[in-house]
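Here is the naming used below: chain letters follow the sequence lines, and residue numbers restart at 1 for every chain.
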Amino acid sequence: MQPWSIAAAAAAAPFPPLPPSWAHQIRVAASQGDFHHAIALFLRMRASDPAAACSSVLTSLPGALKSCAALGLRALGASLHALALRSGAFADRFAANALLNLYCKLPAPPSHSPEMDGSAVVLESVRKVFDEMPEKDVVSWNTLVLGCAESGRHGEALGLVREMWRDGCKPDSFTLSSVLPIFAEGADVRRGMELHGFATRNGFHDDVFVGSSLIDMYANCTRTDYSVKVFDNLPVRDAILWNSMLAGCAQNGSVDEALGLFRRMLHSGIKPMPVTFSSLIPACGNLASLLLGKQLHAYVIRGGFDGNVFISSSLIDMYCKCGNVSIARRIFDRIQSPDIVSWTAMIMGHALHGPAREALVLFDRMELGNLKPNHITFLAVLTACSHAGLVDKGWKYFNSMSDHYGIVPSLEHHAALADTLGRPGKLEEAYNFISGMKIKPTASVWSTLLRACKVHKNTVLAEEVAKKIFDLEPRSMGSHIILSNTYSSSGRWNEAAHLRKSMRKKGMQKEPACSWIEVKNKQHVFVAHDKSHPWYERIIDALNVFSEQMVRQGYVPNTDDVFQDIEEEQKNSVLCGHSEKLAIVFGIISTPPGTTIRVMKNLRVCVDCHTVTKFISKIVGREIVMRDANRFHHFKDGICSCGDFW
DNA sequence: CTAGGGTTAG
């Protein structure tokens, strides 16, 4: 006889494995994010297996409720609520918390009462569930705190934290990471640091969730130095945290820090992801550093990310901002299905670089593809109209916004149309347009007209417009300067001097004009009449040589923009010191023949510099790209892409 | 049953 053994018995007659229970399957599906499946299982159980449905209410309800919350199933959620009450499952912490979460996550229903909006109705039922809960724990509090924080009820969320504290329930890492984004949004670094202190004292500081909320909070408060410290102290840094750090730095202007992190990231063997690039590349655009941008583009290609629309759009934008619209266009043309952002970036690029009509050609092509323009697209289109001097089209696009697209024109759209009207000299029309606006025009809307008044030398209207601007914004620097220049250019030196004097009295100082150029990885900055650059003498010598050639070709200095009451002879020497001329000539004598010159300027280019640059581009046979405060100018063979209209 | 962190156009 064989000795009796369980193993032998099992081997002889193995039982088939038990089928997983309904409740188990529902829990697993819900926790894996397969909410439809979880709901389907729950409904099937209720219909086909009343006994199981009855015995596993407690264990299956949380998963089902979570799925309703995720899918926004209000009606089913309500019937589960009834079931929870009827079956007594509501007494259970887990089921009750899941119910609380459901009400927090459901979108606000349309409101029927005028006194109360939908979200207030929701909050009331949430609060009711919460108050009736027989047993509250930290999860219940956290659910409510998050619900308030996410629906913008910041004060209430913070009040709840105090309330839970008083109630003897200690905030934990969940609470912290729900509340920290409030201080991030409000850029309230003081209270953010208080929470950081609390986190440290209670051992939550190296929690990844808390850590990433802290990083985000400090970045939003433009304290990326603290972000980096928190980041460095975290024990575990997975890849996403790097990206979050990087984006935080890049978006808040700490580009050097972002690039440093990018290098460290590569060093630590963490592979860059598409988001890494779509947050870094725009930062290069904002620095207008073509060199850096090109290096990142090379990484993008090597990493095989060039098919990503986000990256392509950011590359288009970066190349446009760095002055290379043709590369941008090549990238755009290679996108299989450009989205609204890619189109808008490209339209804006053409609008800013010229010829601006190309922007409108693109817009029409986009519409043929049934892609719907949004308010930013219209901003780009209206910018194109103003730069191309297309008054009728400007009106047409402006009116079509509300007529065909249901987009309410914003202040920016109004400013763009006012500019479109004013630039070609339709000052009266622009004035009437601004006066008749449905929203109250701001100083910046009026100042587009003021600039137009200066260009068209209408001192009377300029004075009236300036008065409106100074009422709205008494210390508007730009407007003071434009008005003073308007006086000067019509020979009213006394009034100009008087205005300048009152500006000095108010302690207002003009922003000095400066231009800069990147040569051999180094930025060279030129301030007007600044002789400190080591090559200054050589630059002036070269400028004089160009001058002689220009005069032979018919150049006449334009002293309209010299706003001092001095002799013509002296005015010419004032013009010679303009920063953009210094930067351009430096670029020409310090780079090999044929190299494209890219110059940036903080203010708008003056008429004389514009003319001189056209001559120089022809004399040296080079393309010169200049970004001024308003747009890009491409000079080639004596012609500028702005069509002398800017 | 509760949490977070990422991206492009102005």
(message) Quick check on B:dT2: is either OP1 or OP2 less than 4.0 Å from any side-chain nitrogen or oxygen of A:K105?
(response) no
(request) Would you check if the distance from the ring center of A:F130 to the ring center of A:W141 is below 6.0 Å? (result) yes
(message) Taking the basic N atoms (NZ, or NE/NH1/NH2) and the acidic carboxylate oxygens, is any pair closer than 4.0 Å for A:K136 and A:D131?
(response) no
(request) Classify the nucleic acid contact of A:S244 as base, sugar-phosphate or nothing, counting any heavy atom under 4.0 Å across all strands shown. (result) sugar-phosphate
(request) Considering just the side-chain nitrogens and oxygens of A:K321, establish if one lies under 4.0 Å of OP1 or OP2 belonging to B:dT8. (result) no
(request) Give a yes/no on whether any side-chain N or O of A:Q251 is located under 4.0 angstrom from OP1 or OP2 of B:dG6. (result) no
(request) Look at the side chain of A:S279 and the base of B:dT7, then say whether one donor and one acceptor between them are separated by less than 3.5 Å. (result) no
(request) Answer with base, sugar-phosphate or nothing: what part of the nucleic acid does A:N374 contact at a heavy-atom distance below 4.0 Å? (result) base
(message) Suppose we call a contact any N or O donor and acceptor under 3.5 Å apart; does that hold for the side chain of A:D172 and the base of B:dA3?
(response) no
(request) Select base, sugar-phosphate, or nothing to describe what A:I240 touches, counting heavy atoms under 4.0 Å on all strands. (result) base
(request) Look at the aromatic rings of A:F231 and A:W242 and report parallel, tilted or perpendicular, splitting at 30° and 60°. (result) perpendicular
(message) Looking only at the side chain of A:A98 (C-beta and beyond, no hydrogens), which of the listed nucleotides B:dG10, B:dC1, B:dA3 gets closest?
(response) B:dC1
(message) Under 4.0 Å, heavy atoms only, any strand: does A:M273 hit a base, just the sugar-phosphate, or nothing?
(response) base
(message) At 4.0 Å (heavy atoms only), tell me whether A:T175 reaches a base, stays on the sugar-phosphate, or touches nothing.
(response) nothing
(message) For a quick check of understanding: with a heavy-atom distance under 4.0 Å over all strands, which category does A:V145 fall into, base, sugar-phosphate or nothing?
(response) nothing
(request) May I ask you to verify whether the side chain of A:D238 and the base of B:dG5 hold a donor-acceptor pair under 3.5 Å? (result) yes
(message) Counting the atoms with a prime plus P, OP1 and OP2 as sugar-phosphate, which does A:T344 contact under 4.0 Å by heavy atoms, base, sugar-phosphate, or nothing?
(response) base
(message) Under a 4.0 Å threshold between the charged nitrogen and the carboxylate oxygen, would A:K321 count as salt-bridged to A:D317?
(response) yes
